[in-house]
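Reading through the structure tokens given below for one structure.
Naming convention: chains lettered A, B, ... in sequence-line order (proteins, then strands); numbering from 1 in each chain.
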Amino acid sequence: MAVNSAELIEIINLIAHDIQENKDFLTELDSAIGDADHGINMSKGFKAVNEKISTMGDKDCGSILKTVGMTLVSTVGGASGPLYGTAFMRAGQAVGAKKELDFNDLPIILDAALEGIKMRGKAEKGEKTIIDALEPAVEVLKKSSPVDIKLMEEAVKAAKDGVEYTKGIIAKKGRASYLGERSIGHQDPGATSCYIMLAAVYKAIHDKNN
Amino acid sequence: MAVNSAELIEIINLIAHDIQENKDFLTELDSAIGDADHGINMSKGFKAVNEKISTMGDKDCGSILKTVGMTLVSTVGGASGPLYGTAFMRAGQAVGAKKELDFNDLPIILDAALEGIKMRGKAEKGEKTIIDALEPAVEVLKKSSPVDIKLMEEAVKAAKDGVEYTKGIIAKKGRASYLGERSIGHQDPGATSCYIMLAAVYKAIHDKNN
Amino acid sequence: MKKIINNPENVVQEMLEGMVAAYPQYVRKLDGFDVIVRANAPVKGKVALVSGGGSGHEPSHAGFVGKGMLDAGVAGAVFTSPTPDQVFEAIKAVDGGAGVLLIIKNYTGDVMNFEMAGEMAEAEGIKVASVLVNDDVAVEDSLYTTGRRGIAGTVFVHKIAGAKAEAGGTLEDVKAVAEKVIKNTRSMGMALTPCIVPAAGKPTFTLAEDEMEIGMGIHGEPGTKRTHIMKADELVDHLMDKIINDIPYKSGDEVAVMINGLGATPLMEQFIMNRRVSQILKEKGISVYKTFVGEFMTSIEMAGASITLLKLDDELKQLLDAQADTPALRQL
Amino acid sequence: MKKIINNPENVVQEMLEGMVAAYPQYVRKLDGFDVIVRANAPVKGKVALVSGGGSGHEPSHAGFVGKGMLDAGVAGAVFTSPTPDQVFEAIKAVDGGAGVLLIIKNYTGDVMNFEMAGEMAEAEGIKVASVLVNDDVAVEDSLYTTGRRGIAGTVFVHKIAGAKAEAGGTLEDVKAVAEKVIKNTRSMGMALTPCIVPAAGKPTFTLAEDEMEIGMGIHGEPGTKRTHIMKADELVDHLMDKIINDIPYKSGDEVAVMINGLGATPLMEQFIMNRRVSQILKEKGISVYKTFVGEFMTSIEMAGASITLLKLDDELKQLLDAQADTPALRQL
Ligand SMILES: Nc1ncnc2c1ncn2[C@@H]1O[C@H](COP(=O)(O)OP(=O)(O)O)[C@@H](O)[C@H]1O
Ligand SMILES: Nc1ncnc2c1ncn2[C@@H]1O[C@H](COP(=O)(O)OP(=O)(O)O)[C@@H](O)[C@H]1O
Ligand SMILES: [Mg+2]
Ligand SMILES: [Mg+2]
Ligand SMILES: [Mg+2]
Ligand SMILES: [Mg+2]
């Protein structure tokens with residue numbers, strides 16, 4: 001696999017599309033343990049991203065990812081804006097001036113994203129946040145090299161399991177933490193949106209490879 | 001028929017009882033074209049009347065009626081308080097120091113009441129108010145003399161017809177007047193409470209005569 | 001009925017107690033009466049202003065008792081005019097020797113009860129005058145009916161007549177300026193939901209999810225018509241059209257604007273209304289001197305709002321700007 | 001959804017336009033940003049106060065922009081923290097050279113967005129400090145979680161820190177007194193009905209006719225428990241028990257009280273609550289120095305209310321009493 005800038009933009013547009021499709025679902029998840037805006041926030045952000053990157057086909061991959069991050073920071077708001085924004089900005093930094101990415105950039109990108117989220121949100125795994133989907137995926141990607149489509153599938157599966165796992169635990173960070181025990185039994189909106197994004201990337205690359 | 005002070009109190013208590021029974025009905029009528037409080041107002045007033053006159057058995061009829069009026073004025077509020085209050089006060093003045101009333105006092109009492117209401121409320125027949133029930137009754141009572149139970153029955157019937165009549169006309173006085181055309185089709189709460197009172201008096205006297 | 005109350009029968013009494021507990025520096029309650037007066041009443045030598053009406057319109061009227069506005073607010077049962085003896089007590093408690101102005105909203109009940117109280121006070125030698133507020137253009141005006149209702153515009157009367165009295169005006173002066181305000185004030189409102197009188201326990205009327213009521217009265221009386229729910233701008237256009245054409249307000253006029261929430265309508269929506277109001281006035285060449293947005297004359301927890309315009313001259317501007325210090329309206 | 005709005009997507013923008021149209025003497029809007037600043041910003045030499053958060057809490061925060069309180073209020077989308085660039089613009093617009101204090105309600109989103117803005121401002125050489133308000137005792141406090149939410153008590157921080165800045169306090173002084181207020185403030189709320197975020201179009205949750213939610217968040221987040229609907233006194237007893245025992249407030253203390261309506265709950269009910277609050281405080285020997293009743297930190301059109309206590313000392317009393325002149329809170 002090799003992904004050039006134009007293809008990176010396509011992948012990000014696919015993320016935007018899937019977030020859009022899941023807007024109501026994410027908002028509904030946020031109704032149960034938050035304030036019913038996660039889908040609205042994310043969809044607003046990725047609509048802006050869509051526009052912003054449409055003319056960046058000639059830019060390097062790092063710039064594109066950083067632009068995604070900055071756009072999310074300045075349009076999403078709430079908790080998810082700074083978190084996903086920082087994640088994409090860090091990913092962009094990690095990638096640098098590359099004009100093409102391959103499978104082995106994936107753990108680097110996602111690890112940088114994860115570190116960004118942890119720095120910004122001061123959360124750890126097991127606190128019912130984005131991290132519960134992202135960290136297991138990163139762990140899978142980092143466990144063997146070179147990375148291939150199978151490992152990627154496994155990583156997405158690990159993110160999905162992470163989302164499942166959030167149902168059983170108490171929220172310790174974010175708005176859902178105010179609920180205490182009552183947060184148990186509900187799936188975390190942020191972990192879910194993270195899984196949706198990872199799944200979109202996998203789907204894009206998988207379709208491209210076939 | 002002769003009604004002494006103690007019996008007058010009984011009759012007033014019967015009025016109070018029937019108003020109480022029709023509290024929700026009167027309030028409902030007032031919902032349609034007013035502010036949904038006529039039953040509440042009247043019931044509050046007659047509860048106070050009930051207490052106030054319970055120890056007045058040794059007083060003259062004029063004093064009793066005046067006390068009823070003053071009690072209504074100081075407890076009912078709204079439009080009906082000053083109107084019915086003035087009505088009873090005027091009736092008391094008309095009766096004076098009498099310790100016993102008979103049929104022929106009835107037109108005098110009701111005429112004074114009607115004049116009081118007209119003075120206070122500046123309304124005329126045909127404006128969808130108390131007057132549409134009271135004035136026809138007074139007219140019947142004044143048309144022949146001596147007054148007897150038959151004439152009284154006829155007067156109550158006239159009041160009832162007056163209530164019916166209010167359904168077809170536009171309100172020109174009171175809160176219902178703000179509705180204009182939309183007040184048509186609804187029966188006036190004040191005319192209704194007036195009829196209920198007249199009917200209570202008739203029933204009391206009729207039962208006593210049999 | 002979802003309300004934070006104890007017994008529906010005690011709401012007025014308990015509300016007044018809670019109000020006095022909150023604002024002892026401004027007001028006190030007359031023992032045994034549902035009457036709120038200034039903490040320092042009577043103010044010697046000043047014309048006193050008494051207003052009131054049924055409860056359920058908070059902060060009206062007791063919330064406007066204080067320096068530069070009212071001397072007493074008389075609280076009837078919910079949506080029921082207070083009785084004459086309550087008003088009479090208020091008059092006696094605030095008369096400072098210069099006479100008392102009764103500010104009455106034009107409802108049959110209010111008029112009769114306040115009138116009787118005025119007669120009682122005059123019989124005791126107190127100088128009493130009264131004005132009738134009738135700003136609601138939703139209601140047809142006619143010599144042969146009760147005329148128009150008094151609604152939110154009443155608060156402008158309190159403010160301006162109160163400032164005149166505070167400035168040392170005589171009873172005649174204060175009455176004259178109150179009448180000037182009334183002559184130049186027009187309002188109209190609408191409702192999205194009904195309200196519930198605690199003692200009744202259920203709404204006076206119902207509105208479907210897609211309906212609103214135009215020209216709603218502040219006692220929850222039905223309005224002049226029921227329509228499909230409109231967008232804010234369309235709705236404001238409709239209300240403003242009725243209001244502006246009534247006096248009429250003309251290009252070159254200067255006005256004060258009041259957007260009055262009826263209870264459940266949040267400030268967000270009131271500001272969205274004011275945005276359109278200010279656009280319309282600008283288009284018409286009418287300039288906005290001062291704007292008041294908030295809850296002034298409510299209908300318990302009704303959702304809805306009214307718009308009021310007051311045409312100003314120099315005297316009214318100066319009195320509108322005068323200092324006021326009351327629980328619900330303050331101006332430095 | 002019954003709201004007086006045009007397009008749900010434009011509510012914040014249109015609300016701010018309507019607000020500026022109403023109060024040009026107090027505030028203006030930064031072009032292209034959802035930021036309200038004082039009409040005369042920046043005030044040279046004065047520490048500037050910036051607060052904000054999701055919209056839907058009106059009059060918070062922009063309503064408290066003015067003399068003696070805030071210099072800027074930043075308005076996010078409804079119930080969504082504003083983005084860092086909005087906050088950054090606010091900081092730049094109000095910095096008068098003496099530094100800027102960010103008053104942040106303790107929500108993950110607010111904290112992160114304001115922090116990032118602070119970093120951006122510091123990178124441009126502006127002195128920035130911040131405080132986190134966390135007065136909501138409904139939420140368990142713990143080192144291992146986000147801690148408590150900031151709710152209506154935030155307005156006391158605006159008032160008192162604003163007075164300190166107006167009096168010439170340095171950034172350190174203003175931050176210190178803001179922290180003192182935070183340390184001495186506790187709140188708790190409840191809801192009778194949910195509210196509707198315009199863009200969502202339906203309520204976040206539902207409550208049955210006989211249910212209420214205790215410890216409700218101001219974003220319509222679920223509370224700590226759901227119970228049968230209680231009488232006002234019983235409800236207040238419950239909330240006050242949680243609040244008083246938290247610090248705890250003790251006999252001999254002097255406090256300020258705030259009864260804060262969440263949107264649809266009328267003043268009548270707020271006063272009925274205050275009646276019981278004042279009874280309880282009296283019983284406990286805690287004296288009430290000053291009381292605020294009304295809507296300060298709402299949740300759009302939610303029915304419900306919160307109670308806040310602030311324990312006072314001489315410094316806080318003096319600053320609480322200081323003059324304030326803003327659209328939503330004025331003191332002579
Ligand atoms: N400190 C944190 N670290 C990582 N993720 C977090 C943190 N706090 C909250 N989140 C995530 O953010 C999601 C909520 O996002 P969103 O609804 O957009 O913001 P808000 O809570 O401000 O309304 C949560 O479901 C959670 O996954
Ligand atoms: N001017 C008037 N003359 C006679 N009756 C009147 C007048 N105005 C109103 N009424 C009567 O009063 C009734 C309403 O009484 P009520 O509901 O107790 O008072 P309010 O209208 O103040 O709420 C009306 O149905 C009408 O019959
Ligand atoms: Mg959320
Ligand atoms: Mg009525
Ligand atoms: Mg009434
Ligand atoms: Mg949010």
Engaged part of [X] at the chain D interface, taking heavy atoms whose separation is under 4.5 Å:
X       : value
C/Ile5  : both
C/Val12 : neither
C/Gln13 : neither

Proximity of residues 257-264 of chain D to chain C, residues having a non-hydrogen atom under 4.5 angstrom: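 Heavy-atom contacts from residues 257-264 of chain D to chain C are D/Gly263, D/Ala264.
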Contact residues of residues 279-288 of chain C (partner chain D; heavy-atom separation under 4.5 angstrom):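 When heavy atoms of chain D are the reference, residues 279-288 of chain C contributes no residue within the under-4.5 Å range.
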Can you check whether [Y]'s main-chain N or O pairs, donor with acceptor, with [X]'s side chain at less than 3.5 Å?
X        : Y        : result
C/Glu209 : D/Met1   : yes
C/Glu269 : D/Ile4   : yes
D/Asn6   : C/Lys231 : no
C/Arg330 : D/Arg330 : yes
C/Lys2   : D/Glu211 : yes

Using every non-hydrogen atom in the two residues, find where C/Thr291 and D/Ala22 come nearest and quote the distance to one decimal.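 Closest approach of C/Thr291 to D/Ala22, heavy atoms only: CB-O, 3.4 Å.
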Sort [X] into side chain, backbone, both or neither according to what part of it lies under 4.5 angstrom from a heavy atom of chain C.
X        : answer
D/Ala208 : backbone
D/Val277 : neither
D/Gln270 : neither
D/Thr298 : neither
D/Met268 : both
D/Ala324 : backbone
D/Ala303 : neither

Determine, stepwise, if the pair D/Phe271 / C/Leu16 fulfils side chain to side chain contact (heavy atoms under 4.5 Å, CB included). CA-CA 7 Å; D/Phe271 282 129; C/Leu16 297 178; over 6 Å; no
